[in-house]
Amino acid sequence: MIVMKFGGTSVEDSSAILRVIEIVKSELSRKPVVFVSACAGVTNQLLRIANLSADSKKGEVDDLISTIKTRHEKLVDELISSELPKNYLKGKISVYAHELRNLSQAIAILGEATNVARDALAAYGERLSSMIIAQAMEEKEVKATLVDAREFMITNSNYTQAVPIFDKVEKNAKESLMPPILQGYVPVTQGFIGATEKRITTTIGRGGSDYSAALIGSMLDADEIQIWTDVDGVLTADPSIVKDARRIKKMTFSEASELSYFGAKVLHPLTILPAIEKDIPVYVRNSRNPSYRGTLITKREKSDSSVAKSIAYKEHITLVNLVSSRMFLAHDFLEEVFEVFNKYKTIAHTVATSEVSISVAVDDTTNLDEMKKEFERFAEVSSSNGKAIVCVVGENLRNNPGIVGRIFSSLDGIRINMISLGASEINIGFVVDENDIEPAVRALHDELFSNPLSPGLPKEIFD
Ligand code: ASP
Ligand code: MG
């Protein structure tokens with residue numbers, strides 16, 4: 001059994017959905033369970049309806065609801081030709097649109113969109129897309145059956161960020177999904193949505209479909225999990241900066257985590273943790289280019305002879321420099337500094353310290369002014385914004401002492417504000433001026449990936 005998850009852009013219109021069906025068809029012998037997201041943009045529209053309703057902006061709400069309704073009716077028209085299912089689906093879409101209007105009215109009367117209401121609204125995106133996709137599969141002679149994820153994705157009642165209750169989910173997922181699989185059907189279900197034990201609709205957080213797929217895949221012991229999106233997996237750099245960025249065939253979970261933390265946008269690795277823990281291979285694949293195998297993310301890579309895997313960057317960084325104004329012992333100083341970070345719930349992205357000074361790179365500056373006042377009790381503070389973190393990620397950086405020299409020389413001429421070698425030793429990061437992101441990323445990429453003489457570009461890892 002395998003799990004295939006298709007994100008919003010992979011199901012955004014009828015031609016995208018037809019591609020999805022072909023992809024699923026090509027995997028039928030492996031008994032796929034299909035998770036889908038809402039069509040691209042719909043979740044945002046539904047949440048906008050929540051906000052507009054609270055402000056009693058009825059006109060705009062009505063427009064949005066009819067936009068959503070029309071878009072899905074169009075999908076039905078383009079994908080379904082048999083009269084009976086077509087009428088059934090259109091009827092359902094009308095019912096859902098009516099329910100959306102009722103929900104919106106309820107919110108308007110209450111004057112507040114509670115999280116319960118937000119989840120109820122947001123869930124319609126996946127409910128609509130999955131219902132149409134399941135039927136479109138039937139139309140293309142794939143035996144498919146729609147399964148409502150709220151039957152099995154039982155969560156706590158932390159609406160908008162609900163947490164699955166594992167033992168219940170596992171039991172219910174087996175009961176809901178195994179019988180259709182055994183009977184030769186493809187279960188089509190929704191990512192992102194769930195329900196409390198009292199069957200009130202919940203969602204597990206924005207972008208949560210990957211997590212739905214990975215969690216269920218791990219509980220059902222899937223042979224493989226495929227996350228289908230609209231890019232060829234993970235690249236060696238942002239292709240808008242590096243035109244000849246290369247595709248990475250394999251990477252480890254730690255590398256993927258590090259990359260996403262530093263701004264690579266392909267997937268949030270924590271969402272696939274349940275699969276990684278069970279050693280289930282996860283592929284990130286492109287539904288527009290299904291013949292390409294994508295990036296395989298595994299727990300660990302045994303014989304990987306690459307040196308660096310990828311270069312990532314994070315913009316809008318502010319560097320906060322603190323010099324102790326007292327003769328504190330180092331641990332006192334650091335403790336005081338981080339107490340302030342903790343109090344203001346501000347994340348320190350990269351840190352460099354000496355006994356009396358510390359530099360911290362942050363991206364959330366909401367509370368920086370208050371924080372500075374607190375720091376001034378024990379330190380001299382200065383901060384500079386308009387910075388960025390550029391970093392090189394790769395498990396094997398630690399085994400290649402020579403690489404640090406190459407990385408540094410390639411950045412010759414670029415002003416570096418701070419350097420950090422991550423504790424995991426799989427990333428080397430630099431704080432540079434935002435204007436230097438492009439030259440820095442290009443220089444690093446040239447050095448590490450574009451030079452054909454460069455060692456560490458094994459064919460099994462890079463395309
Ligand atoms: N549709 C949801 C979102 O846009 C969940 C997902 O796509 O993963 O956040
Ligand atoms: Mg989405």
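Order of appearance sets the numbers: ligands from 1, and atoms from 1 within every ligand. Along the sequence shown, the residues carry numbers beginning at 1.
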Enquirer: Closer than 4.0 angstrom: is that true for some heavy atom of Gly8 and an atom of ligand 1?
Expert: no

Enquirer: Has Gly208 got any heavy atom lying under 4.0 angstrom from an atom of ligand 1?
Expert: yes

Enquirer: Do you see a donor-acceptor pair shorter than 3.5 Å between the side chains of Arg150 and Asn172?
Expert: no

Enquirer: List in chain and number order the residues that pass salt bridge (charged side-chain N to carboxylate O under 4.0 Å, His left out) with Glu434, two or more places apart in sequence or in another chain; answer none if no residue qualifies.
Expert: none

Enquirer: Can you check whether Thr43 has an N/O within less than 3.5 Å of an N/O in ligand 1?
Expert: yes

Enquirer: Using the ring centroid of each side chain, check whether Phe462 and Phe449 are separated by less than 6.0 Å.
Expert: yes

Enquirer: Would you mind listing every side chain to side chain donor-acceptor pair (under 3.5 Å) that reaches into residues 239-248, with sequence neighbours excluded?
Expert: Asp232-Arg247, Asp238-Ser240, Arg247-Asp463

Enquirer: In terms of heavy-atom contacts, does CZ of Arg101 have more than 12 from other residues, nucleotides or ligands at under 6.0 Å?
Expert: yes

Enquirer: Which ligand 1 atoms are under 4.0 Å away from a heavy-atom of Glu126?
Expert: 1 (N), 2 (C), 5 (C)

Enquirer: Pull out every atom of ligand 1 sitting under 4.0 Å from any heavy atom of Ser37, numbered as shown with elements.
Expert: 6 (C), 7 (O), 8 (O)

Enquirer: For Ser209, counting its heavy atoms only, list the atoms of ligand 1 lying under 4.0 Å from any of them.
Expert: 5 (C), 6 (C), 7 (O), 8 (O)

Enquirer: Mark yes when over 12 heavy atoms from residues, nucleotides or ligands other than Lys25 sit less than 6.0 Å from its NZ; otherwise mark no.
Expert: yes

Enquirer: Is it the case that ligand 1 has an N or O less than 3.5 angstrom from some N or O of Arg206?
Expert: yes

